[in-house]
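Some notes on the structure that comes next.
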Amino acid sequence: MLQPDFSLVLAQPFFLCSLVLYVIGWFIAFIATCTLGAHPSSFWVLIFYLLFLLLGATLAVATQSVHNYRLVLLTFIGGALSILLSNIDTALNLYSVAGVGFLGYPSKLNAAGAGFIFQSFVLIFWVFYFGAEEDTLVKRSINGFTIPRTPGAVNAPNGMIHHPGSPAQQAENLSSVVVASSAEYAYKARALYSYEANPEDRNELGFVKGEILDIVDNKGKWWQARKQDGTIGIAPSNYLQLI
């Protein structure tokens, strides 16, 4: 089981900002629903549904599992948008009939509706974030703001990024990786930034930022990868993001 790495969330500014807005909207709607009480009950169903979606989307990004759960996420997002619009309509209808006898009721409905609308805009963005293909303009624009998440990386004069480390450490990292030409490539990954292969190690694979690689397995610090031209080798996992 993949362990959540929340630095992956922090490395994607667009998703992180949308997550913050989503949480703000959720808390506004939650507090307003608490003050409204048990009625309307559909608000409570939506509150917990949206919380479940929030946790699921965050974990999918933090475990690099978006490619596995993409259709599931889009299905739940579509369901959430449908229920949100229905509850926003309910809030508007209740607001229109709330009279003087409902002291404070209209303002509570306003707050709940505002929280729901807040989250609706975020979910519309998520449709593009999770649903757009990798080679589309939208996805390329979003990925262009991805922040390298590896501490200690340094920029070389040729624009490549390298990780400091002793030869002994590098040998230890590579000792468990065996390049097999007949391996099955079950995953795809995008290069978060460029990497220049060590000329002394013929197994290392160099690539440029944004390049799409085929991956055999997503475990360990080094992954066996294949470029689009058929070149195979090993690549550092912290330079790559599964798609």
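The figures that follow rest on heavy atoms only: side chains count, while hydrogens, waters and symmetry mates do not.
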May I ask you to test the [X]-[Y] pair for a side-chain heavy-atom distance under 4.5 Å?
{"X": "P236", "Y": "W222", "result": "yes"}
{"X": "F121", "Y": "W126", "result": "no"}
{"X": "I117", "Y": "L84", "result": "no"}
{"X": "L50", "Y": "Y22", "result": "yes"}
{"X": "D214", "Y": "K188", "result": "yes"}
{"X": "V72", "Y": "F76", "result": "yes"}
{"X": "W26", "Y": "I47", "result": "yes"}
{"X": "L123", "Y": "V127", "result": "no"}

Stepwise side-chain contact (heavy atoms from CB on, under 4.5 Å) test for Y129 and I77: CA-CA 11 Å; Y129 181 83; I77 290 172; over 6 Å; no
Got a second to check how far [X]'s [atom1] is from [Y]'s [atom2], nearest 0.5 Å?
{"X": "L53", "Y": "F48", "atom1": "CG", "atom2": "CZ", "result": "15.0 Å"}
{"X": "Q119", "Y": "S18", "atom1": "CD", "atom2": "OG", "result": "12.0 Å"}
{"X": "I88", "Y": "L109", "atom1": "CD1", "atom2": "CG", "result": "12.5 Å"}
{"X": "I232", "Y": "Y185", "atom1": "CD1", "atom2": "OH", "result": "4.5 Å"}
{"X": "L21", "Y": "L16", "atom1": "CG", "atom2": "CG", "result": "9.5 Å"}
{"X": "L46", "Y": "F30", "atom1": "CG", "atom2": "CZ", "result": "13.0 Å"}

Please report the closest heavy-atom contact between [X] and [Y], naming both atoms and the distance.
{"X": "W44", "Y": "G37", "result": "NE1-O, 2.8 Å"}
{"X": "A32", "Y": "K108", "result": "CB-O, 3.6 Å"}
{"X": "S194", "Y": "V208", "result": "OG-CA, 3.5 Å"}
{"X": "A91", "Y": "F43", "result": "CB-CZ, 3.9 Å"}
{"X": "A197", "Y": "G206", "result": "CB-N, 3.6 Å"}
{"X": "L59", "Y": "P4", "result": "CD2-CG, 4.1 Å"}

So, the side chain of [X] versus the backbone of [Y]: is there a donor-acceptor pair under 3.5 Å, distance only?
{"X": "T58", "Y": "L55", "value": "no"}
{"X": "E211", "Y": "A191", "value": "no"}
{"X": "Q228", "Y": "I212", "value": "yes"}
{"X": "S237", "Y": "K221", "value": "yes"}

If you look only at pairs with a residue in residues 81-92, which of them pass as a side-chain hydrogen bond (donor to acceptor under 3.5 Å, both in side chains), with sequence neighbours excluded?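 Every pair satisfying side-chain hydrogen bond (donor to acceptor under 3.5 Å, both in side chains) with a residue in residues 81-92: S42-N87, D89-N93.
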Treating Ile, Leu, Val, Met, Phe, Trp and Tyr as nodes and any side-chain heavy-atom pair under 4.5 angstrom as an edge, say whether [X] and [Y] lie in one connected cluster.
{"X": "I83", "Y": "L85", "value": "no"}
{"X": "V66", "Y": "L71", "value": "no"}
{"X": "V45", "Y": "L51", "value": "no"}
{"X": "F52", "Y": "F116", "value": "yes"}
{"X": "F128", "Y": "L73", "value": "yes"}

side-chain contact (heavy atoms from CB on, under 4.5 Å) between L192 and Y239, intermediate numbers included: CA-CA 5 Å; L192 295 177; Y239 279 61; 5.8 Å; no
Could you walk me through whether T63 and Y69 pass side-chain contact (heavy atoms from CB on, under 4.5 Å), step by step? CA-CA 11 Å; T63 57; Y69 298 104; 6.0 Å; no
Go through the structure and list residues passing side chain to side chain contact (heavy atoms under 4.5 Å, CB included) with T231, not counting sequence neighbours.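 For T231, the residues satisfying side chain to side chain contact (heavy atoms under 4.5 Å, CB included) (neighbours in sequence not counted) are L205, K227, D229.
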Applying side chain to side chain donor-acceptor pair (under 3.5 Å), can you list everything that pairs with N68, at least two apart in sequence or on another chain?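 Applying side chain to side chain donor-acceptor pair (under 3.5 Å) to N68 gives none.
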Walk me through it: do F130 and F125 pass the test side-chain contact (heavy atoms from CB on, under 4.5 Å)? CA-CA 9 Å; F130 292 115; F125 167 74; over 6 Å; no
